[in-house]
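One structure is given below, encoded as structure tokens.
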There are 2 protein chains.
Amino acid sequence: MITLYDIPSKLPQGCWSPNTRKARYCLKFKGIPYEVTWVEYPDIEPTCKKIGAPPTTKRPDGSPLYTFPVIHDSSTGAVIADSVAIAEYLEITYPDTPKLFPPGTKALQIAFDAAHLVTLNVIYRFIRPGALRILNPPSEAYFREQKFGPNDSYLPPEGEEWREKWEKVKESFDLVNSWCEKSDGEFMMGNTISFADLAIGCRLYWIRELLGEQGAEWQDLKGWHGGRWSTLLQNVEKYA
Amino acid sequence: MITLYDIPSKLPQGCWSPNTRKARYCLKFKGIPYEVTWVEYPDIEPTCKKIGAPPTTKRPDGSPLYTFPVIHDSSTGAVIADSVAIAEYLEITYPDTPKLFPPGTKALQIAFDAAHLVTLNVIYRFIRPGALRILNPPSEAYFREQKFGPNDSYLPPEGEEWREKWEKVKESFDLVNSWCEKSDGEFMMGNTISFADLAIGCRLYWIRELLGEQGAEWQDLKGWHGGRWSTLLQNVEKYA
């Protein structure tokens, strides 16, 4: 049995992090059963140290940063951190399940994951106030301290700044769309879902939930590019 | 017969633009014969207008910008601008030639092309002085006017600034390497060359020639990541 370590929130499904969601999509896509252990932000590092999960990155000061998702696979004893490493592990360890990376495409798929993330990152200012709204109190306090500078307002842009910054968000989606539309089907590799679709799908969920589905931004965004983003989100949500 | 419109320089092969080089690689990879028409920068726009090639982008002031590569295919009458559009055209028009985009991978490959370009762009300050060194006088004057601000020095960074900025270049290659190393072979899709390799290969050629092969930067860069970049360049240069 696989245990997935995830971060709870006030959202109906609990899971709010796009990266832990990506691991969920991968597990469900492959039909591998798993159970979830919920851990609030301040307990992520102690939990990782306890179960032997390595840090995945560094803080700006150079100290190790422990992040979720982490999985523990009781059938092999493996403890794997990082959503891409988890996808690679599952692909190798469970070879008879549906392929996240069709033959030869792993490097391209992982590049796409990184590239769409960096490109769409300009939306962050619009969605981070939503994070504070949906996190439980212990995680909210931690998140506020770690992710916002001392002089940050927690508010999204307004007025003229809103229009300017939102135009940049639109341009970032235009760019990612210019890649997606080169596919012959509705997914990145035609009519078959692969890792790239799950990667962008988990990010779209995160964006929708943090903007608020009824908010002006999501209402605008879901109409862009022929409804590509809301359709894609709908198509991958069956793996949640 | 296909005519490729390219920009001359003082380099031994003439071709210096990574984008026109990408079109060359694609043609040679597919074994499609072509001839070259050389056009200096100031004549690109009039040439495009004369042969019916559309602008590919806009200048900061919103006016249309005409760029090379452009191909004219006398067997179909088609005139195609932009290296990605040319690759797509060749793939569709000459289906019995080697595949630039193995089935299902076109969108991922084009995303990779855009992503590695944006990521490696931090090297630009180091290489642009080299552009002035290798362009012929009419193109050099044009390039200087278009690509350098009135207060720019044409010199690369020096001293402490050199170290700081070069470290950023190293980090950008680290990131692209983290994608490439996910492949099971020496190319992005294993042991078979595809569009992604040609795309990064033409950029590496441009970087090497503009840094100068004997310069400190290329001598440093070619040792990064187990020699990945110089090996890749060597492997795709047969398509030049």
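Quick note on labels: first sequence line is chain A, next is B, and so on, each numbered from 1.
Atoms OG and CG, from A:Ser194 and B:Leu108 in turn, are 6.0 Å apart once rounded to the nearest 0.5 Å. From B:Ile110, atom CD1 reaches atom OG of A:Ser183 across 10.0 Å, with rounding to the nearest 0.5 Å. The NZ atom of B:Lys182 sits 10.5 Å away from atom CG of A:Asp113, with the distance rounded to the nearest 0.5 Å. Put simply, CD on A:Glu181 and NZ on B:Lys106 are 10.0 Å apart, with the number rounded to the nearest 0.5 Å.
Within 6.0 Å of atom CD in A:Gln234, 12 or fewer heavy atoms from other residues, nucleotides or ligands are found, so the atom counts as exposed in its surroundings. Other residues, nucleotides and ligands place more than 12 heavy atoms under 6.0 Å from the CD atom of A:Glu160.
With a 4.5 angstrom heavy-atom cutoff, B:Ala196 touches chain A only via side-chain atoms. Interface remark: A:Pro102 contributes no atoms to any contact with chain B (heavy atom separation under 4.5 Å). Using a 4.5 Å cut-off between heavy atoms, B:Glu88 contacts chain A through its side chain alone, with no backbone atom that close.
In plain terms, the two heavy atoms of B:Trp179 and A:Ala114 that are nearest each other are NE1-CB, 3.3 Å.
Contacts with chain A were tallied for B:Pro103, B:Ala111, B:Ala115; B:Ala111 has the most, counting heavy-atom pairs under 4.5 Å.
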